[in-house]
2 protein chains.
Amino acid sequence: MGVMTTRAESAAATRRALLDAAAELLDLGGPEAVTLREVGARAGVSRGAPYRHFTGKDSLLTAVAAESWEGIGDQVHALRTDPALSASEKLRGALRALIDVGRNRPHLYQVLFRRRANLPGQLGDGMDRIRRQLCGPEGDPAVADRAAERFQDEFLDIVAALAGERNARRYGALLLTSAHGIAGMELSGHLDTDKWHTTADELVDTLVRMVTDAGEMT
Amino acid sequence: MGVMTTRAESAAATRRALLDAAAELLDLGGPEAVTLREVGARAGVSRGAPYRHFTGKDSLLTAVAAESWEGIGDQVHALRTDPALSASEKLRGALRALIDVGRNRPHLYQVLFRRRANLPGQLGDGMDRIRRQLCGPEGDPAVADRAAERFQDEFLDIVAALAGERNARRYGALLLTSAHGIAGMELSGHLDTDKWHTTADELVDTLVRMVTDAGEMT
DNA sequence: ATCATACAGTTGACAGTGTCATCTGAACCG
DNA sequence: CGGTTCAGATGACACTGTCAACTGTATGAT
C-alpha cells in the first residue's frame with residue numbers, strides 16, 4: 001500500500017471506495033439510501049465522481065451485486081472442494097450461505113435478486129427514463145449475471161455429487177428456488193413462526209431430507 | 001352510478017381512482033414509476049390530494065398491496081370451497097394463483113412481499129426520513145398484514161384438508177415458501193431454463209408430488 | 001333559512017435526488 | 001517540454017415526496 005501517484009491506482013482506489021460506501025449505505029437503509037451524493041462523500045469525492053466509474057446509480061448497485069455474487073460463489077466453491085465435508089454437509093452449507101446473506105444483509109439480498117433485463121414491453125409517456133434507471137444501460141449487468149451463474153454452477157456441482165448427473169438439475173433447481181423462497185419470506189416477515197409452527201432452518205432441513213429421500217441420495 | 005353529490009361518495013370515488021391509478025402505474029414501471037403527481041393526474045385530482053386519503057406514497061402502495069392480498073385471498077377461498085375440485089387440484093390452484101401474480105404483475109408481486117416493520121436497528125445521520133418513507137407511519141400496514149394472513153389461512157386449510165392437521169403446518173409452510181421462491185427466481189430471471197433443464201411449472205409439480213409422497217397424502 | 005364548521009382538494013414552497021454539460025487540473029506520453 | 005487524456009469538481013435542470021397555507025363546498029346544528 002504505497003503512496004499512490006499513478007492515475008490508475010488512484011482511480012482504482014476511488015472505485016473501491018465508491019463500492020464500499022455504496023454497500024455500506026445499502027446495508028443501512030436499502031437502495032433508497034444509496035445516494036450518489038452520500039456515496040461520493042463517504043468515498044472522499046464529490047457528487048458526480050461516480051459517473052466516471054459507473055454509468056449511473058443502478059450501475060453502481062449492480063456492481064455491488066456482482067461483487068457479492070462473486071463472494072458467495074467463492075464461499076460455495078470453498079464448500080464444494082472441502083474434503084472434510086460430506087456431500088450432505090456441502091449442500092446444507094451452500095443453502096445456508098445464501099440464507100445467511102438474507103439474514104445478515106437483507107437489503108443486499110434483495111438487490112442480488114433484482115429483476116434483470118425486463119421485457120421491452122411498451123411503456124408510454126415518460127417511462128423511458130425510469131426503464132433506463134431501473135435496468136441500466138448495459139455492460140455491467142453482464143458481469144453480475146456471470147457471477148450469479150458461477151454461483152449456480154458451483155451449487156449444481158454440489159447437488160450433482162449428491163444426486164448424480166441424472167437428477168441434479170431438477171433437484172438442484174428445486175432446492176435453490178425453495179431456499180430462496182424460505183429466505184425471502186423470512187426476510188419480508190411473511191413467515192410467521194407462530195402460525196406455521198416451524199422456522200426457516202427447520203424448513204431447509206425438511207426440504208433437504210425430502211429431496212434426498214425422493215432422489216435416493218445417500 | 002348516480003350523480004355523486006355527497007362528500008363521502010366523492011371522497012370514496014377519488015380514493016378508488018387513486019388506488020386504480022397507482023396500481024396501473026405500478027404495473028407499468030414499478031414502484032419508482034408510481035409518482036404521486038402522476039397518480040393524482042390520472043385520478044383527475046392534483047398533486048397533494050392523495051395525502052387526504054393516505055399518509056404518503058408508501059401508504060398508498062401498501063393499500064394497493066392490501067387490496068391485492070384480499071383479491072388473492074378471495075381467489076384461494078373460492079378454490080377451497082369449490083366442491084368440483086379435488087384436494088390436490090385445490091392445492092395446485094392455490095400455488096398457481098400466487099405464481100400467476102408474479103407472472104402477470106411482477107411489480108405488484110414484489111410489493112406484496114415487501115419487508116414489513118423493519119427492525120428498529122439504529123441508523124444514524126439522515127436515515128430516519130428514509131426509514132419513515134419505507135415502512136410508513138402505521139395503520140395501513142395492519143390491514144395489509146391481515147389480508148396477507150387471511151390468504152395464508154385459506155392456503156393452510158387447503159393443505160390441512162390434504163395432509164391432515166398434524167402435518168399441515170410444516171408442509172404448508174414448505175409449499176408456500178417454495179412456490180414463492182420459484183415465482184421470485186422466475187421473475188428475476190435467475191431461473192435459467194437452459195441451465196436447469198426444467199421450468200417453474202415442472203418445479204411446482206415436482207414439489208407437490210414430493211410433499212404428497214412424503215406426507216402420505218392421498 | 002342561516003351560519004359556523006369540517007374537510008376534500010389546490011397551490012406554493014422546500015429539501016433532496018439522478019443526471020448531464022461544462023470546467024479544471026494533473027498525470028500521461030510523444 | 002508541450003499537447004492530450006481523463007478523474008474529478010461544479011453548476012444547472014427536471015423531477016420527486018412532503019408539508020403549510022389556502023379555498024370552496026357539503027354538512028349539521030341552530
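Proteins get letters first, then strands, A, B, ... in listed order; numbering begins at 1 in each.
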- Item | Protein-to-nucleotide contact annotation, 5' to 3' order, nucleotides 10-15 of chain C [B base; S sugar-phosphate only; - none; under 4.0 Å, heavy atom] | BBBB--
- Task: Using side chain to side chain donor-acceptor pair (under 3.5 Å) as the criterion, list what pairs up with D201(B), not counting sequence neighbours.
- Result: R96(B), R103(B)
- Would you please name every residue forming a side chain to side chain donor-acceptor pair (under 3.5 Å) with R15(B), sequence neighbours left out? none
- Can you name the residues that form a ring pair (Phe, Tyr, Trp, His ring centres under 6.0 Å) with Y51(A), not counting sequence neighbours? none
Hey, what are the protein-to-nucleotides 27-30 of chain C N/O distances that come in under 3.5 Å?
{"from": "dA27(C)", "atom 1": "O3'", "to": "R7(A)", "atom 2": "N", "distance (Å)": "3.2"}
{"from": "dC28(C)", "atom 1": "OP1", "to": "R7(A)", "atom 2": "N", "distance (Å)": "2.7"}

- Can you check the Y51(A) OH to dC20(C) P distance for me, whole Å? 6 Å
- Among all residues two or more places apart in sequence or in another chain, which pass the salt bridge (charged side-chain N to carboxylate O under 4.0 Å, His left out) test with R92(B)? D205(B)
- Note on the structure: Across all chains, not counting sequence neighbours, the salt bridge (charged side-chain N to carboxylate O under 4.0 Å, His left out) partners of E149(A) are K195(B)
- Message: Using OP1 and OP2 only, check whether a side-chain N or O of T14(B) sits under 4.0 Å from dG9(C).
- Response: yes
- Enter the distance from I182(A):CD1 to L176(B):CG here, rounded to the nearest 0.5 Å. 10.5 Å
Polar atoms only, N or O, under 3.5 Å: list the protein pairs with nucleotides 28-30 of chain D and their distances.
none

- Task: Could you tell me whether R170(A) atom CZ has more than 12 heavy atoms of other residues or ligands within 6.0 Å of it?
- Result: no
- Query: Which whole-number value in Å describes the distance from L25(B) CG to dG17(D) C1'?
  - Reply: 15 Å
- Task: Grab the NE2-C1' distance between H53(A) and dG18(C) for me, whole Å please.
- Result: 18 Å
- Task: Not counting sequence neighbours, which residues clear side-chain contact (heavy atoms from CB on, under 4.5 Å) with A147(B)? List them please.
- Result: W69(B), E70(B)
- Starting from P on dG16(C), measure out to NZ on K57(A) and report it in whole angstrom. 16 Å
- Can you name the residues that form a side-chain contact (heavy atoms from CB on, under 4.5 Å) with A183(A), not counting sequence neighbours? I99(A), Y109(A)
- To the nearest Å, how far apart are L61(B) CG and dT16(D) C1'? 14 Å
- Task: Starting at atom CG of L36(A), determine the distance to atom P of dG8(D), rounded to an integer number of angstrom.
- Result: 14 Å
- Item | Value in whole Å for how far the C1' atom of dG18(C) lies from CZ of F54(A) | 16 Å
- Sugar-phosphate only, base, or nothing, as touched by V34(A) at under 4.0 Å among non-hydrogen atoms: sugar-phosphate
- Item | Residues forming a side chain to side chain donor-acceptor pair (under 3.5 Å) with D145(A), sequence neighbours excluded | R116(A)
- Quick one: salt bridge (charged side-chain N to carboxylate O under 4.0 Å, His left out) partners of E67(B), sequence neighbours excluded? R16(B)
